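Written below as structure tokens is the structure these notes are about.
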Amino acid sequence: MKWIAAVSAVCTLAMVVVSTKAEPKFKSCNEVRLAYSSKGFNLNDVPNQGVNGAHLKVCPQGYTCCTVEMEEKLSQQSRSDLKAPISQLCTNLQGTFTQRHRHFNQFFRELLDNAERSLHDMFVRTYGLMYEKNAELFKHFFQELKRYYTSGSAAVNLDAMLADFWASLLERMFRLVNVQYDFSDAYMECVVRHTEQLKPFGDVPRKLRLQLTRAFVAARTFTRGLALMPEVVGRVSTVGSSPGCVRASMKMLYCPYCSGQVALKPCQNYCLNVLRGCLANQADLDSEWNNFLDAMLSLAERLEGPFNFESVMDPIDVKISDAIMNMQENSMQVSQKVFQGCGQPKLAAGYRSRRSVREGGGFTGRFRPYSPDARPTTAAGTSLDRLVTDVKKKLKHAKKFWSTLPETVCAGERVAPGDECWNGTAKSRYESVVMGNGLANQVSNPDVEVDITKPDVVIRRQIAVLREMTTWLKAAHSGNDISIDNEEDGSGGEESGSGCDSPHCEAEDRDIYFSTPVPVNPRLVKVVHPEINSESAATVARSSTVLALGGLALALLIPHWR
């Protein structure tokens with residue numbers, strides 16, 4: 001019996017020793033209390049010492065410093081903590097491209113304003129009163145170009161607008177070079193009908209139409225693409241708040257608290273599985289996102305080359321004056337062809353004799369285009385080349401943003417290297433296989449329950465939006481037109497991305513240029529235009545432009561002014 005009693009005593013002692021070793025080293029929950037209260041929660045929620053964790057629903061049910069109420073509050077906190085770095089990255093991306101959209105949009109608008117101002121100043125100096133009497137024709141021309149830039153073919157038929165401009169210019173000039181005749185409206189309609197055959201302005205109208213169409217299509221489509229990026233990011237940046245994702249984030253971020261290990265960080269691969277599960281739908285956006293960015297980069301190269309908006313708009317005053325001078329130089333031949341086709345007009349009542357050009361007397365005005373140094377510049381001296389170079393870098397950097405988002409978040413101080421990390425149950429190595437990106441790869445995710453049969457509707461819609469915009473970008477690359485409906489997007493609401501309003505958006509690249517314009521929504525109208533080789537501004541500003549219509553027209557008008 002003594003022997004049995006001795007064995008029993010040894011067993012009891014062994015059980016006590018084993019129980020003591022199994023019991024966690026900590027007995028106090030002071031560290032947990034401090035960490036818990038630092039999150040803004042009530043310190044009194046935390047027990048002073050560890051308790052049995054059989055009541056826990058997410059964390060390991062051993063010795064714990066967490067109550068049911070604490071686990072619920074920390075679950076909600078984990079949801080916010082998981083969203084925070086993702087929201088930060090997305091907001092930075094939004095801010096980057098909201099700025100670039102502002103830069104490009106305002107730059108193109110300033111180019112239009114500068115071109116109008118340049119033409120006005122030049123023509124006032126050269127043509128004086130005659131230009132001022134007909135200035136509304138050129139003002140309307142630029143108003144329509146601005147409307148076309150804003151709203152595309154939905155508002156302005158560019159071909160028809162340009163045809164009307166040249167027809168009106170022909171009518172006014174034809175009257176000026178033939179002041180000795182009276183022309184009825186019907187006669188002038190006949191003149192306009194023969195415009196294509198007469199080619200009074202040479203090849204300038206055809207070339208300018210092609211150059212303007214390509215440049216405007218490229219500029220408007222590229223700007224719309226830049227505006228679309230912050231919108232898409234804003235709509236898809238919300239991390240899924242499914243029960244499986246909330247449970248996984250709680251287990252990864254705060255179950256170490258419950259075990260008293262408040263400073264313990266998750267293992268990197270463990271973090272990757274959790275993030276790839278919670279961001280599975282966003283990762284599926286990546287393929288279409290990259291296609292869209294490739295199309296943007298391709299169109300950016302067009303903006304640097306044959307579709308350069310700046311090289312078309314900057315010398316447009318010279319191009320129009322070229323056309324005017326061509327009409328002046330060929331006015332006799334043009335008039336004779338018109339008289340043959342439309343009939344001999346009647347002399348104007350009271351007209352005594354046709355005066356020669358020399359009777360114009362002392363008109364010495366000469367056509368002086370701005371030199372590159374004298375031309376007005378856009379805000380802060382920005383050039384299109386500078387803007388395109390900058391945005392291309394940002395576009396390349398944004399590629400694979402969604403597929404690499406888990407790796408970007410699960411890095412640095414957010415995770416712990418090696419085996420000294422939280423693997424979901426203890427401080428040890430994480431043994432599970434890391435899942436791939438995308439919804440289909442989450443079927444066996446060991447850490448997040450993901451329903452792969454229910455894709456996110458908002459993200460699927462944005463995939464379709466990106467696909468459609470990519471089609472427009474490719475069309476613009478080929479010179480096809482789009483129209484833009486300047487109506488607010490009805491889909492709005494909380495899903496809508498509003499750009500970057502936070503101060504940290506300015507940290508990377510402070511905006512020194514412009515203010516934000518109203519976004520617009522495009523729809524496709526396919527109008528194919530043949531390609532032509534772009535002409536340099538130097539060729540356009542050729543020496544022939546030193547002549548002007550002014551000398552001839554002023555001389556012809558002198559009898560009527562006396």
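The basis for the numbers below is simple: all heavy atoms, side chains too, and nothing from hydrogens, waters or symmetry mates. Keep in mind it's a predicted model, so treat the numbers as computed, not measured.
Annotation: the span from D314 atom CG to N114 atom CG amounts to 8.0 Å, rounded to 0.5 Å. Distance check: I320 CD1 to M325 CE gives 14.5 Å after rounding to the nearest 0.5 Å. The line from CZ of R461 to CD1 of I463 is 11.5 Å long, rounded to the nearest 0.5 Å. Annotation: the span from L89 atom CG to I86 atom CD1 amounts to 8.0 Å, rounded to 0.5 Å. In this structure, the separation between CD on Q268 and CD on E407 is 8.5 Å, given to the nearest 0.5 Å. To the nearest 0.5 angstrom, E110 atom CD is 8.5 Å from R117 atom CZ.
Within the 4.5 Å cutoff, side-chain heavy atoms of L439 are placed close to those of P455. In this structure, L208 and L162 have side chains that are not in contact, with every pair of non-hydrogen atoms separated by 4.5 Å or more. Counting heavy atoms from C-beta on, the side chains of P230 and H101 never come closer than 4.5 Å. Residues L285 and N281 have side chains not in contact (no heavy-atom distance under 4.5 Å, counting atoms from C-beta outward). Taking the side chain as every heavy atom from C-beta outward, M313 and L212 approach each other to under 4.5 Å. When side chains are defined from C-beta on, L275 does not count as touching V448, because their heavy atoms never get closer than 4.5 Å. Under the 4.5 Å side-chain criterion, counting only non-hydrogen atoms from C-beta, L272 is not in contact with M435. Side-chain contact check for W472 versus E468: some heavy-atom pair is nearer than 4.5 Å.
Counting only distance, with no hydrogens or angles, the side chain of Q94 and the backbone of E231 share no donor-acceptor pair below 3.5 Å. Side chain of R302 to backbone of S298: no donor-acceptor contact under 3.5 angstrom is found. Within the 3.5 Å criterion, the main-chain N or O of Q333 finds no donor-acceptor partner in the side chain of N330. Here the side chain of D390 pairs no donor or acceptor atom with the backbone of R386 at under 3.5 angstrom. At distances below 3.5 Å, at least one donor-acceptor pair connects side-chain atoms of N308 with backbone N or O atoms of L303. Remark: the backbone N or O of K83 is not paired with any side-chain donor or acceptor of S87 at under 3.5 angstrom. S242 places a side-chain N or O within 3.5 Å of a backbone atom of C245 that can act as its donor or acceptor partner.
Pairing each heavy atom of A167 with each of V192, the nearest pair is CB-CG1, 3.7 Å. In this structure, A300 and V388 approach most closely via the heavy-atom pair O-CG1, 3.7 Å. Scanning all heavy atoms of the two residues, the minimum distance from F292 to G225 falls at CZ-O, 3.5 Å. Closest of all the heavy-atom pairs between A280 and Q442 is CB-CG, 3.7 Å. Nearest approach of P200 to N326, heavy atoms of both residues: O-ND2, 3.1 Å. The two residues G438 and D284 have their closest heavy-atom pair at CA-OD1, 3.2 Å.
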Checklist entry - Checking side-chain contact (heavy atoms from CB on, under 4.5 Å) for the pair L293/M229: CA distance, chi angles, key distance, verdict? => result CA-CA 9 Å; L293 292 178; M229 293 181 71; 3.5 Å; yes
Item to check | Intermediate values then yes/no, side-chain contact (heavy atoms from CB on, under 4.5 Å), F165 and L170 | outcome: CA-CA 9 Å; F165 169 74; L170 171 60; over 6 Å; no
Next on the checklist: Apply side-chain hydrogen bond (donor to acceptor under 3.5 Å, both in side chains) to residues N291 and T470 and explain how you reach the verdict.
Outcome noted: CA-CA 7 Å; N291 291 338; T470 301; over 6 Å; no
Next on the checklist: I'd like to know whether H397 forms a side-chain contact (heavy atoms from CB on, under 4.5 Å) with T96, so could you lay out the CA-CA distance, the side-chain angles of the two residues, the decisive distance to 0.1 Å, and finally the verdict.
Outcome noted: CA-CA 11 Å; H397 185 70; T96 294; over 6 Å; no
Item to check | Stepwise side-chain contact (heavy atoms from CB on, under 4.5 Å) check, V312 with F307 | outcome: CA-CA 8 Å; V312 173; F307 294 1; over 6 Å; no
Checklist entry - Can you list the steps and then say if R276 with N273 is a side-chain hydrogen bond (donor to acceptor under 3.5 Å, both in side chains)? => result CA-CA 5 Å; R276 287 184 178 179; N273 269 344; 6.0 Å; no
Next on the checklist: Determine whether S403 and N437 satisfy the following criterion, side-chain hydrogen bond (donor to acceptor under 3.5 Å, both in side chains), listing intermediate values before the conclusion.
Outcome noted: CA-CA 6 Å; S403 61; N437 284 301; 5.1 Å; no
Checklist entry - Going through the checks in order, is the salt bridge (charged side-chain N to carboxylate O under 4.0 Å, His left out) test met by R109 and E116? => result CA-CA 11 Å; R109 291 178 183 274; E116 181 177 12; over 6 Å; no
Item to check | side-chain hydrogen bond (donor to acceptor under 3.5 Å, both in side chains) assessment of D385 paired with S383 | outcome: CA-CA 5 Å; D385 288 343; S383 70; 5.3 Å; no
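Using a 30° and 60° split on the angle between ring planes, W166 and F201 fall in the tilted class, from 30° to 60°. Using a 30° and 60° split on the angle between ring planes, F183 and F174 fall in the tilted class, from 30° to 60°. Using cut-offs of 30° and 60° for the angle between ring planes, the W289 and W402 rings count as perpendicular. Between Y149 and F309, the two ring planes are tilted [angle within 30° to 60°].
Within 6.0 Å of NZ on K146 lie more than 12 heavy atoms contributed by other residues, nucleotides or ligands. Heavy-atom neighbours of K400 NZ from other residues, nucleotides or ligands within 6.0 Å: at or below the threshold of 12.
Checked against disulfide bond (SG atoms under 2.5 Å apart), C271 has the following partners two or more places apart in sequence or in another chain: C410.
Cation-pi check for R220 over Y148 is met; the charged atom lies under 6.0 angstrom from the ring centroid and within 45 degrees of its normal.
One finds no salt bridge joining K399 and D286 here, because no Lys/Arg side-chain nitrogen approaches an Asp/Glu carboxylate oxygen to under 4.0 Å. E136 and R172 are joined by a salt bridge, as a carboxylate oxygen and a charged side-chain nitrogen come within less than 4.0 angstrom of each other. Under a 4.0 Å N-O distance rule, the pair D203/R206 qualifies as a salt bridge. A salt bridge does not link K139 to E144: none of the charged nitrogens lies less than 4.0 Å from a carboxylate oxygen.
The side-chain hydrogen bond (donor to acceptor under 3.5 Å, both in side chains) pairs that include a residue from residues 187-200 number zero, where partners must be two or more places apart or lie in different chains.
Ring to ring, F216 and F108 are not that close: their centroids are 6.0 angstrom or more apart. Between Y131 and H120, the distance separating the two ring centers is shorter than 6.0 angstrom.
Between the side chains of N480 and S478, no donor N or O sits under 3.5 Å from an acceptor N or O. Side-chain polar atoms of D317 and S118 form a donor-acceptor pair below 3.5 angstrom.
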